[in-house]
Protein chains: 2
Amino acid sequence: MTLAKPAFPAPDHDHRRCTADALAHAEAVCEQRAQKFTPIRRQVLGALLSSHRPLGAYEVIDELAKSMARPAPITVYRALDFLMANGLVHRIESRNAYLACAAHDHDATSAVAFLICERCGLVGEISSASFAKDLNAAARSSGFAPKLSVVEITGVCAHCQKMS
Amino acid sequence: MTLAKPAFPAPDHDHRRCTADALAHAEAVCEQRAQKFTPIRRQVLGALLSSHRPLGAYEVIDELAKSMARPAPITVYRALDFLMANGLVHRIESRNAYLACAAHDHDATSAVAFLICERCGLVGEISSASFAKDLNAAARSSGFAPKLSVVEITGVCAHCQKMS
DNA sequence: AAATAATCATAAGCTTGCTTACTATATCTT
DNA sequence: AAGATATAGTAAGCAAGCTTATGATTATTT
């Protein structure tokens, strides 16, 4: 069992830096692929990066409205589509919400599992090659050819456990 | 790796019986818990059992409308809540849809993974103790206390693979 | 029989997620 | 400079998921 990262956003982490890193990473990815990291795209990613919580599309709109003219839904959806296509944003299916990708290293193909804290709402990513293998093996054993896996685990994060 | 069941609904399975079994099981569960298996609850479960596809709430309404006065959304939601609370129906988060539980044997706590065929739309359940263990272990290794896992795997079922 | 609790019906409405259609602007290519 | 392409803005709207509020029924308890 090999875990990629500490996974869950610690309450005392350097969020300033974490945001800056993510934006820098996004820039790098876009440049590398000759994709344009336009102002709205940057702003939408910025909105998502402002917390480690998944935001619904309308929450993103609200967030952006604080610093610019309220964007139309379509504008935000286009940006979200772009960011997802480039692996910079994940969609959390169980919430119909979007989350800035925190793991700047996982390849697009490997399965990612999300840890969603039901207390604070923060979400961590774990990308364990081992459970993905097991999962796919279990699926295949009944003749099923797996493509895309959604793994979302709700529970209580380490920090919130201490608080109780 | 121990699989509980063949998992995916075969195209030629005895659906008549499969429906009857599920209804009988629901009746038994409700009686055992002194819960009332009322007509609407039965009908909603029946609607879901009519296919092995997850149905949205409004699809359930449409289905029921065929054999009775069109029920209001609230009526269906109440029945769905009841059925889910008693483990007779699952919610497929990635589809905002509901599925009659096909595995009448898994305990409420054990993780269930859904196999969703993107061709025929049918959904199978696998309840593998082994991957659940791995999943939980991976989560716990970062101090996270997992409660509810959503595992939804999209792909192509054995039957649809043969058809291509 | 009366009171309590559970269930269901009726009616209305809100929110969110997402789309279609069209125009304008910027960027890149030739 | 002209045309093509990608991106974004404007305006409008739809559909689905779900809720609130209230009153009627039915069952259960006392």
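So you know, we letter chains A, B, ... as the sequences are listed, proteins then strands, and number each from 1.
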> Is it the case that more than 12 heavy atoms not belonging to A/Glu31 sit under 6.0 Å from its CD atom?
no
> Mind calculating the distance between CD (B/Glu93) and P (C/dT16) to the nearest angstrom?
18 Å
> Is there side-chain contact between B/Pro73 and B/Ile61, with at least one heavy-atom pair below 4.5 Å?
yes
> Between D/dT7 atom C1' and A/Gln43 atom CD, what is the distance in whole Å?
15 Å
> Under 4.0 Å, counting only non-hydrogen atoms across every strand here, what does B/Tyr98 touch: a base, just sugar-phosphate, or nothing?
sugar-phosphate
> Between atom CD1 in A/Ile92 and atom C1' in C/dT16, what is the gap in whole Å?
17 Å
> Looking at B/Arg33, I'd like to know if its CZ atom is crowded, meaning that more than 12 non-hydrogen atoms belonging to other residues, nucleotides or ligands lie closer than 6.0 Å.
yes
> Taking atom CZ as the centre, does A/Arg16 end up with more than 12 heavy-atom neighbours from other residues, nucleotides or ligands that are less than 6.0 angstrom away?
no
> Quickly work out the B/Arg41 CZ to C/dA6 P distance and round it to whole Å.
11 Å
> Kindly assign one of parallel, tilted or perpendicular to the pair A/Phe144 and B/Phe8, based on the angle between their ring planes and the thresholds 30° and 60°.
tilted
> Round to a whole Å and report the spacing from CD1 of B/Ile61 to P of D/dT19.
13 Å
> Whole angstrom is fine here: how far is it from CG in B/Asp62 over to C1' in D/dA15?
12 Å
> Going by number, which of residues 74-83 of chain B have a non-hydrogen atom under 4.0 Å from DNA chain C?
B/Ile74, B/Thr75, B/Arg78
> Using the C1' atoms of five pairs at each end, what's the angle between the two axes of the helix from C/dA1-D/dT30 to C/dT30-D/dA1, to 10 degrees?
30°
> So if I take every side-chain heavy atom of A/Pro73 and compare against D/dT19, D/dT7, C/dT19, which nucleotide ends up nearest?
C/dT19
> 5'-most contact on DNA chain D: B/Arg91 or B/Lys36, nearest heavy atom basis?
B/Arg91
> Check whether any side-chain N or O of A/Arg70 sits under 4.0 Å from OP1 or OP2 of D/dG9, and answer yes or no.
no
> If you draw a 6.0 Å radius around CE in A/Met163, do more than 12 non-hydrogen atoms from other residues or ligands fall strictly inside?
no
> Hey, which of these two, B/Glu59 or A/Ile40, hits DNA chain D nearer its 5' end, going by closest nucleotide?
A/Ile40
> Taking atom C1' of C/dC14 as reference, at what distance in whole Å does atom OH of A/Tyr58 sit?
12 Å
> What is the nucleic acid contact for A/Ala72, judged by heavy atoms within less than 4.0 Å: base, sugar-phosphate only, or nothing?
base
> Could you tell me the separation between the CG atom of B/Asn86 and the P atom of C/dT7, rounded to a whole number of Å?
10 Å
> Would you say A/Arg95 and A/Thr154 make side-chain contact, with heavy atoms under 4.5 Å?
yes
